[in-house]
2 protein chains.
Amino acid sequence: MENTAQELIKRAYDTLTRAERQLAGVILENYPTSGMGSITRLAEKADVSTPTVARMVQKIGYSGFPEFQEALRAEVEAAMSDPIAKHDTWSRDAPDAHILNRFADSVLSNIRQTLAGIDVATFDRATDMLADKSRRVFVTGGRITHTLSEYFHLHMQVIRRDVRHIRSTSNAWPHALLDMEQGDIVVIYDIRRYENSALRLAEIATARGAEIILITDQWQSPVAAFAAITLNCRIEAPSAWDSTVAMMLLTETIIAAVQEKNWDDTRARMSELEAMFDRTRIFRKFV
Amino acid sequence: MENTAQELIKRAYDTLTRAERQLAGVILENYPTSGMGSITRLAEKADVSTPTVARMVQKIGYSGFPEFQEALRAEVEAAMSDPIAKHDTWSRDAPDAHILNRFADSVLSNIRQTLAGIDVATFDRATDMLADKSRRVFVTGGRITHTLSEYFHLHMQVIRRDVRHIRSTSNAWPHALLDMEQGDIVVIYDIRRYENSALRLAEIATARGAEIILITDQWQSPVAAFAAITLNCRIEAPSAWDSTVAMMLLTETIIAAVQEKNWDDTRARMSELEAMFDRTRIFRKFV
DNA sequence: TGTTTCTTGTAATTATGCTTACATTTACAG
DNA sequence: CTGTAAATGTAAGCATAATTACAAGAAACA
């Protein structure tokens with residue numbers, strides 16, 4: 001069993017208090033260098049008092065801050081003197097060809113290209129639309145992207161009202177369309193390679209006056225023809241499948257952006273929701 | 001021209017006195033950690049007096065020992081957070097402070113730290129287990145991670161037989177457990193901050209002889225106590241929510257790894273599946 | 001060899017860091 | 001709503017670290 005400071009912190013997590021957890025977060029954030037300055041600096045960075053730091057390191061098993069720091073130094077030394085620690089790969093102890101490194105390389109490249117290809121004005125327009133509470137939002141996805149659309153729906157529902165998920169795979173989607181009218185927004189996740197049941201849906205929705213936000217791959221789903229806004233993501237992966245990581249990133253970024261624009265409402269809705277899940281705290285501290 | 005402490009020492013070498021050279025030797029010996037302790041410790045190690053140290057660091061260009069040490073810390077930090085981190089803002093036409101750039105920064109840091117924290121042997125052990133067709137696989141997730149578990153299940157089902165998804169939120173999960181026996185694998189997605197309905201499930205599954213693979217955040221779900229394998233992911237995000245991008249990446253990497261190990265079977269299963277979806281091509285070219 | 005300058009350590013001073021004690025606040029149970 | 005316990009910060013005191021002042025010793029030059 002290892003006894004790095006990191007390990008000790010995780011192990012003691014249950015016994016840590018609020019301020020201590022906040023501190024733990026900062027220490028782990030860019031571990032281990034963050035803990036190498038003086039206790040005062042660390043306390044400031046974590047926005048807690050110095051005694052909190054002192055107490056915490058004692059709690060996790062050190063005699064005091066100096067001993068804790070000494071341990072960190074030793075860890076750094078071990079990591080630096082390790083010749084493999086050249087850090088030009090993602091996972092230090094894996095060979096370059098290991099799938100962990102290959103996949104990460106590929107995903108990073110997807111993320112780079114995806115973001116480079118996104119027009120900020122378009123992105124902002126999309127988030128403005130979604131932040132407009134007078135417009136209703138429908139969300140749907142395909143076979144592979146279904147989970148993404150569900151994820152988006154889950155979070156969007158907390159941020160604003162009038163958000164509905166349509167299962168494009170079921171036979172129920174025509175019913176949802178009956179309800180659709182001028183000004184509504186339909187968020188469609190669709191990857192070209194897979195089936196495009198979304199095409200009919202998009203066509204009808206547009207005809208009824210709804211506007212479509214399409215999130216698709218670099219080859220672009222045919223739904224783009226009907227979409228008011230199209231956001232393309234790279235999905236290449238060293239695998240028989242594609243990687244939806246870049247799509248997930250974009251999805252979360254949209255959520256964050258809409259939430260920022262609607263912060264007061266979101267906050268209220270989150271509080272209500274939290275009250276419902278009374279037993280546990282669901283959300284992070286409200287910024 | 002670089003200005004690392006190392007550089008400065010070498011450059012000033014000619015002007016250094018005997019005791020100072022002795023000190024310089026010790027500093028460079030196992031650079032940079034040797035200089036990270038107190039001035040006293042460094043002086044002792046070099047067998048010179050403390051003022052010699054203070055004078056020397058001033059001579060090579062620092063205002064005092066603390067500044068010198070600060071510089072070392074910065075160097076360590078730079079060395080530990082690898083070159084992959086260097087990027088020229090993601091979306092060029094957006095300001096740095098735009099949510100697109102902020103979010104991507106944070107996600108990249110999550111990915112880096114997640115991969116750095118994953119032990120390759122552990123990862124390989126997990127994928128070996130999942131590639132073993134004699135063992136059945138159950139998958140489950142919590143409120144936020146539910147979609148991830150579904151995604152994993154969806155792909156895993158194509159790769160191998162005997163994969164089942166359990167909705168931990170429904171009341172049906174005890175029934176699934178009835179079916180569980182020695183050698184089965186339970187893949188659990190669980191983020192500490194959110195509710196832990198998975199805990200009971202994990203406890204019972206372990207008691208029945210199943211082995212648990214846990215995918216959790218850096219704070220580690222309490223399920224870890226029962227897990228045969230625990231994989232931690234960073235989920236920090238500049239938002240009221242967390243980011244599951246790193247988890248998604250890990251999930252896809254596991255899928256790719258298992259698929260690679262089981263390629264012949266996977267291929268056969270994919271062909272069959274594709275035949276069922278006759279109209280369109282579902283999968284990418286078989287590599 | 002005597003004088004001067006440079007080097008280096010010792011000791012004193014000052015600054016900073018760390019810890020302990022205590023008071024305030026917050027959360028929780030009755 | 002009140003009392004109790006836990007958490008956390010403030011402030012004081014103590015300890016250590018860093019710098020400065022100074023003096024002893026070594027090397028260089030006359």
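In the text below, chain A, chain B and the rest are named by the order of the sequence lines, each starting its count at 1.
At the heavy-atom level, B:P51 lies under 4.0 Å from base atoms of the strands shown. B:S49 comes within 4.0 angstrom of a base, heavy atoms only. A:R55 comes within 4.0 angstrom of a base, heavy atoms only.
Considering only side-chain N and O atoms, B:T52 lies under 4.0 angstrom from the phosphate OP1 or OP2 of C:dG9. Between B:S38 and the phosphate of D:dA17, there is a side-chain N or O to OP1/OP2 separation shorter than 4.0 Å.
As rounded to whole Å, 12 Å separates atom P of C:dG17 from atom CG of A:L42. Atom NZ in B:K45 sits roughly 14 Å away from atom P in D:dA17 (whole-Å rounding). Atom CD in A:E20 sits roughly 6 Å away from atom P in D:dT8 (whole-Å rounding). Atom CD of B:E44 and atom P of D:dT16 are 13 Å apart (whole Å). Put simply, CZ on A:F65 is 17 Å from P on C:dT16, counting in whole angstrom units. Rounded to a whole Å, the CZ atom of A:R21 is 10 Å from the P atom of D:dT8. In this structure, B:I39 atom CD1 and C:dT14 atom P are separated by 18 Å, rounded to whole Å. In this entry the distance linking CD of B:Q22 with P of C:dT8 reads 9 Å, nearest Å.
Relative ring orientation between A:H153 and A:H165 is described as tilted, the plane-to-plane angle lying within the 30° to 60° band.
In this structure, A:L148 and B:T147 have side chains that are not in contact, with every pair of non-hydrogen atoms separated by 4.5 Å or more.
Between A:R21 and B:W219, the closest heavy-atom pair is O-CH2, 4.2 Å. Nearest heavy-atom pair across A:L42 and A:G35 is CD2-CA, 4.3 Å.
Considering only the side chain of B:R18, C:dT8 comes nearest among D:dA11, C:dA11, C:dT8. Closest approach to the B:V48 side chain among C:dG9, C:dG17, D:dT8 is made by C:dG9 (side chain taken as heavy atoms from C-beta onward).
Comparing B:T15 and A:V57 by the nucleotide of DNA chain C whose heavy atom lies nearest to each, the residue mapping closer to the 5' end is B:T15.
To the nearest 0.5 Å, atom CZ of residue A:R41 and atom CD of residue B:E70 are 4.5 Å apart.
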